[in-house]
Amino acid sequence: MNGYDIPPDAGRSWWLREALAAEPGEPSPPLRGDITADVVILGAGYTGMWAAFHLTELQPGIDVVILEQDIAGGGASGRNGGFVNSFWGDLEYLARRFGDRPAIELCELGEDSVRAIGAFCDEHGIDAWYRADGEYVVAASEDQFGRWADGVMAADRLGVSEHFQVLAGEQMRDRIDSPVFRGALYRKLGATVHPARLARGMRRVLLERGVRLFEDTAVTRFGAGDPVVAETSGGSVRAGTAVVALNAWASHWKRFRRTLMVRGSYIVLTAPAPELLKEIGWTDGSGLADMRAAIHYVRTTPDGRIAFGVGGIQPNLARRIGPRFAYDAHAIRIGVEDLHRMFPGTLDVPLEAAWGGPIDVAGHHLPTFGTLGGGNVHYGHGYTGNGVGPAHLGGKIIAHRISGRSDPVLDLPLVDLEPLKFPPEPVRSPGALVANTAIRRKDESEDAGTEANPVIDFVAKLPRRLGYNLGP
Ligand SMILES: Cc1cc2nc3c(=O)[nH]c(=O)nc-3n(C[C@H](O)[C@H](O)[C@H](O)COP(=O)(O)OP(=O)(O)OC[C@H]3O[C@@H](n4cnc5c(N)ncnc54)[C@H](O)[C@@H]3O)c2cc1C
């Protein structure tokens, strides 16, 4: 990859290209004609595919149709960092918001999902590089040091502190060496995965189970009612029940416009550099994220690459998700500079790919799984860039709701969680861009060890002052 011009793959993730080369699979042609089904699912990412998977577990023989505008895994599910998490990182907020017991239950059932994803890969012969080696939340500047304190105290109070370990600067650098690391919180739970191999493996399993998948099939109109009708340019699906699993694209729907905000997240990937990884001591499958408000998330691959992600970027003021979410030269440049700052040894390592994707930001930084109107349209979104593990849980919630089977997952506080509303347009996008820029500037000041200008500091903290669980 030379320079920052849009690459020939137009921002298709390296993960997806690698997964398609490893297992191309039979193509699923677009929908042609009018068909019926028991359940129609909009979107073939993890949410839609886990919902389909759990439905086929609960009701073998159920007739499920999935409509996908791209290919399965073409959205965030085939583009992400591959951190498979539960909700332990939000424990303090969850306990404050929902109470101690519901918070612990959510973290534990979320953790079951993390394990279930590994077991699913084993059971179905999916080589998705799943490794449950935990993750580091590092302080990558003096300011970030100790930001984990509230979470650690909450864990201690709730009797789950065995999941967390605080590491001093040197202890952290002994594990993974970077000149900017000042200390870390190690969370023993959590895994990493090859996101697109997982998505494409799920696709294969669903096809084997008789789920009908139509790719290159964008839903252009959706009619709630009984039956629901999903229309596309080539035909339509009538079904008793629908699942809206559109991630950030759901923000294009009037119903979700006020409760979802779209941000970009971008990843740069180095060429294999196993010697460098050995030198810095990073030879397991652990993930690493820092404590910026707009986080960096970093992981490795078995052939010795570093995938370096930058979260929380708003590429422009556009209200629709366009090509800049798949590739944005400015975001990629930030990613490369920050990679070199964190791991200076990568200055000599060529970059091989860069891409991005949209994330569905919810005001409380938590996904919600709900049901609309007449009770036969279910949805799940709001992962705020943390959906790899939680989408498994969400698919299970949605499938149990549809099949009417009881399960502890239906008692979780994410079910029918009332979303926080963002301000309406035309205030929202420019306001969010200003706050977003201030958040990044504040992060950059902290990286440089300088005080952020008081105005920047004030604006960066506005979202939280306004009651959102977002920003510093
Ligand atoms: C760069 C990046 C890094 C990330 N890193 C992590 C991470 O490390 N860990 C983590 O937990 N989370 C991460 N995330 C978030 C995670 O990828 C998502 O939360 C998760 O994939 C959501 O799954 P989904 O099925 O809801 O969404 P998606 O996978 O986006 O699926 C939605 C699908 O709907 C399709 N669609 C949209 N409109 C239509 C339409 N009109 N008709 C038909 N189909 C349509 C899209 O093409 C897409 O395939 C990251 C996201 C990005 C972009």
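Side chains are part of it too, since the values below use all heavy atoms of this structure and drop only hydrogens, waters and symmetry mates. Counting starts at 1 for both ligands and their atoms, following the listed order.
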Contact check: Val388 vs ligand 1, nitrogen or oxygen atoms, below 3.5 angstrom
yes
Output the list of atoms in ligand 1 that are nearer than 4.0 Å to some heavy atom of Gly357, sorted by atom number.
53 (C)
Please determine whether a side-chain nitrogen of the Lys or Arg among Asp34 and Arg238 lies less than 4.0 Å from a carboxylate oxygen of the Asp or Glu.
no
Out of curiosity, is Leu42 lining ligand 1, as in a heavy atom under 4.0 Å away?
no
Face-on cation placement of Arg175 at Tyr136 ring, 6.0 Å and 45° thresholds:
no
Can an N or O of Asn247 be found at a distance shorter than 3.5 Å from an N or O of ligand 1?
yes
Taking only non-hydrogen atoms of Gly81 and a 4.0 Å limit, the atoms of ligand 1 in range are 3 (C), 4 (C), 5 (N), 6 (C), 7 (C), 8 (O)
For Arg320 and His252, does a side-chain donor sit closer than 3.5 Å to a side-chain acceptor?
yes
Examine Ala76 against ligand 1 and note whether any of their N/O atoms are separated by less than 3.5 Å.
yes
Can you tell me the protein heavy atom closest to atom 42 (N) of ligand 1 and the distance?
Val219 N, 2.9 Å
One residue to check: Tyr46. Relative to ligand 1, which of side chain, backbone, both or neither has a non-hydrogen atom less than 4.0 Å away?
both
I need the single residue from Ile41, Val237, Leu213 that forms a side-chain contact (heavy atoms from CB on, under 4.5 Å) with Leu67. Which is it?
Val237
Heteroatom proximity flag, Asn80 to ligand 1, N/O under 3.5 Å:
yes
Could you label the plane-to-plane angle of the Trp129 and Trp15 rings as parallel, tilted or perpendicular, counting under 30° as parallel and over 60° as perpendicular?
perpendicular
Can you find an N/O atom of Thr47 closer than 3.5 Å to an N/O atom of ligand 1?
yes
Would you call Lys188-Glu135 a salt bridge at under 4.0 Å N-O?
no
Between Gly264, Ser77, Gly385, Gly48, flag the one that comes closest to atom 12 (N) of ligand 1 by a heavy atom.
Gly385
Is it the side chain, the backbone, both or neither of Ala248 that has a heavy atom closer than 4.0 Å to ligand 1?
neither
Is the distance between the ring centroids of Tyr468 and His364 less than 6.0 Å?
no
Is there a nitrogen or oxygen of Trp249 sitting under 3.5 Å from a nitrogen or oxygen of ligand 1?
no
Under-4.0 Å heavy-atom contact with ligand 1, by part of Ala72 that carries it
neither
Run the numbers for me: atoms of ligand 1, each under 4.0 Å from some heavy atom of Ile359, listed by number.
51 (C), 52 (C), 53 (C)
Does even one non-hydrogen atom of Arg79 get within less than 4.0 Å of ligand 1?
yes
Could you check whether Arg305 and Thr270, counting side-chain N and O atoms only, form a donor-acceptor pair closer than 3.5 Å?
no
Atom 46 (C) of ligand 1: the protein heavy-atom neighbour that sits closest, reported with distance to 0.1 Å:
Glu68 OE2, 3.5 Å
Glu208 vs Arg204, test: salt bridge (Lys or Arg N to Asp or Glu O under 4.0 Å). Steps then yes/no.
CA-CA 6 Å; Glu208 284 164 5; Arg204 167 171 59 76; 3.3 Å; yes
So for ligand 1, is Ile71 a polar contact partner (N or O within less than 3.5 Å, distance only)?
no
Please determine if Pro358 has a nitrogen or oxygen closer than 3.5 Å to a nitrogen or oxygen of ligand 1.
no
Answer yes if the side chains of Thr384 and Asn386 hold a donor-acceptor pair under 3.5 Å, and no otherwise.
no
Is it true that His381 and Phe256 have ring centroids separated by less than 6.0 Å?
yes
For Tyr266 together with Tyr327, are the ring centres under 6.0 Å from each other?
no
